[in-house]
K.L.:
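The structure is given below, and queries will be raised subsequently.
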Amino acid sequence: MMRHLLLASVFLLAGCGPTPEEQAAQDAQAVAEVRANQVPPPERVEPEPILYPDIEEHELFGAGCNFVPEGGGLGAIAIAQEDRGYMKRGGEVLTFAADKGSARQPLGSYRKYDGRLFGFTLELTGDAGEQEGIETVNIPANLTVRDGRGRTVFAAPGIAQCGS
């Protein structure tokens with residue numbers, strides 16, 4: 001009798017688990033959840049100098065602030081103007097919209113600029129700049145580029161050359 005009761009219990013327990021089809025559906029859902037929650041690593045950005053031929057070709061003339069990293073020579077790697085910002089990457093000049101809700105900076109520039117894949121922040125770190133020539137003031141600054149998830153993909157200290 002005990003043996004029949006034990007055997008009946010085993011059959012009852014075997015019937016309590018999911019069917020193979022249910023198990024396959026649960027496994028597929030678990031895999032889908034893991035894939036949906038995976039976040040790819042940030043893509044490193046290396047801005048390139050925006051040179052005069054780029055400025056001429058894309059008509060980037062006007063008042064604003066151009067960011068030059070420390071030790072970066074004369075080539076600005078970001079341009080911040082009243083309506084747009086610019087950065088060059090992979091030989092292509094990228095356009096960014098001025099975030100007009102961010103802090104206003106010299107000559108109509110803004111602190112933040114947003115693009116399709118990236119955004120950048122030009123943070124002036126000095127109160128007063130150093131006059132260079134007739135129309136330009138150099139102000140200590142930091143440039144931070146973030147991806148669409150808000151992760152920093154480039155950061156550098158340097159100078160914002162503000163002028164017209």
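Sequential numbering from 1 along the given sequence is applied to the chain's residues. Side chains are part of it too, since the values below use all heavy atoms of this structure and drop only hydrogens, waters and symmetry mates.
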K.L.:
Is it true that, when you exclude R84 itself, more than 12 heavy atoms of the residues, nucleotides or ligands shown sit nearer than 6.0 Å to its CZ?
P.N.:
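Not more than 12 within 6.0 Å, no.
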K.L.:
Just how far is it from atom CD of E48 to atom CG of L94, taken to the nearest 0.5 Å?
P.N.:
9.0 Å
K.L.:
Kindly compute the distance separating SG (C162) from CG (N138), expressed to the nearest 0.5 Å.
P.N.:
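One gets 8.0 Å once the value is rounded to the nearest 0.5 Å.
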K.L.:
So does G108 get a backbone contact from the side chain of Q81, meaning a donor-acceptor N/O pair under 3.5 Å?
P.N.:
no
K.L.:
Rounded to the nearest 0.5 Å, what separation is found between the OH atom of Y113 and the CG atom of L143?
P.N.:
11.5 Å
K.L.:
So F96 and F120, would you call those rings parallel, tilted or perpendicular, with 30° and 60° as cut-offs?
P.N.:
perpendicular
K.L.:
Any side-chain to backbone donor/acceptor pair from T125 onto P140? Under 3.5 Å, distance only.
P.N.:
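Yes; judged by distance alone, with no hydrogens or angles, the pair exists.
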K.L.:
In Å, rounded to the nearest 0.5 Å, how long is the span from CG of D114 to OG1 of T121?
P.N.:
8.0 Å
K.L.:
Could you tell me whether the side chain of Q105 and the main chain of Y110 form a donor-acceptor pair under 3.5 Å?
P.N.:
yes
K.L.:
Ignoring hydrogens and angles, state whether a donor on the side chain of E33 or Q29 is under 3.5 Å from an acceptor on the partner side chain.
P.N.:
yes
K.L.:
Please check if L107 and L124 belong to a single hydrophobic cluster, counting links between Ile, Leu, Val, Met, Phe, Trp and Tyr side chain heavy atoms closer than 4.5 Å.
P.N.:
no
K.L.:
Under 4.5 Å between any side-chain heavy atoms of Q161 and V68, yes or no?
P.N.:
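Counting from C-beta outward, Q161 and V68 do come under 4.5 Å.
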K.L.:
Show me, pair by pair, the donor-acceptor contacts under 3.5 angstrom made by side chains of residues 51-59, not counting sequence neighbours?
P.N.:
{"from": "D54", "atom 1": "OD1", "to": "K88", "atom 2": "NZ", "distance (Å)": "3.4"}
{"from": "D54", "atom 1": "OD2", "to": "L51", "atom 2": "N", "distance (Å)": "3.0"}
{"from": "D54", "atom 1": "OD2", "to": "K88", "atom 2": "NZ", "distance (Å)": "2.9"}

K.L.:
Sort out for me which residue in I77, I50, N142, I159 forms a side chain to side chain contact (heavy atoms under 4.5 Å, CB included) with F67.
P.N.:
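Of the listed options, the one satisfying the test is I77.
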K.L.:
Tell me, with the steps shown, if R111 and E123 meet salt bridge (charged side-chain N to carboxylate O under 4.0 Å, His left out).
P.N.:
CA-CA 6 Å; R111 185 172 182 270; E123 184 176 354; 3.5 Å; yes
K.L.:
Any side-chain heavy-atom pair from C65 and L122 closer than 4.5 angstrom?
P.N.:
yes
K.L.:
More than 12 foreign heavy atoms under 6.0 Å from CZ of R116: is that the case here?
P.N.:
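For R116, atom CZ is not crowded (no more than 12 foreign heavy atoms under 6.0 Å).
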K.L.:
Can any side-chain N or O of S164 pair as donor or acceptor with the backbone N or O of A63 at less than 3.5 Å?
P.N.:
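No; zero donor-acceptor contacts below 3.5 Å.
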K.L.:
Check whether F154 and Y86 end up in the same hydrophobic cluster, where Ile, Leu, Val, Met, Phe, Trp and Tyr are linked by side-chain heavy atoms less than 4.5 Å apart.
P.N.:
no
K.L.:
Restricting to non-hydrogen atoms, name the atom on A80 and the atom on S109 that form the minimum distance, rounded to 0.1 Å.
P.N.:
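Nearest pair, atom of A80 first, then S109: O-CB, 3.4 Å.
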K.L.:
Between E82 and K100 (salt bridge meaning N to carboxylate O under 4.0 Å), is one present in this structure?
P.N.:
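Salt bridge absent between E82 and K100.
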K.L.:
For R44 and V153, indicate whether the former's side chain and the latter's backbone hold a donor-acceptor pair under 3.5 Å.
P.N.:
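A pair under 3.5 Å: yes.
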K.L.:
Could you check if a side-chain atom of V145 sits within less than 4.5 angstrom of a side-chain atom of M87, using non-hydrogen atoms only?
P.N.:
yes
K.L.:
May I ask you to test the D147-E43 pair for a side-chain heavy-atom distance under 4.5 Å?
P.N.:
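A side-chain contact is absent here, since even the closest heavy-atom pair is not under 4.5 Å.
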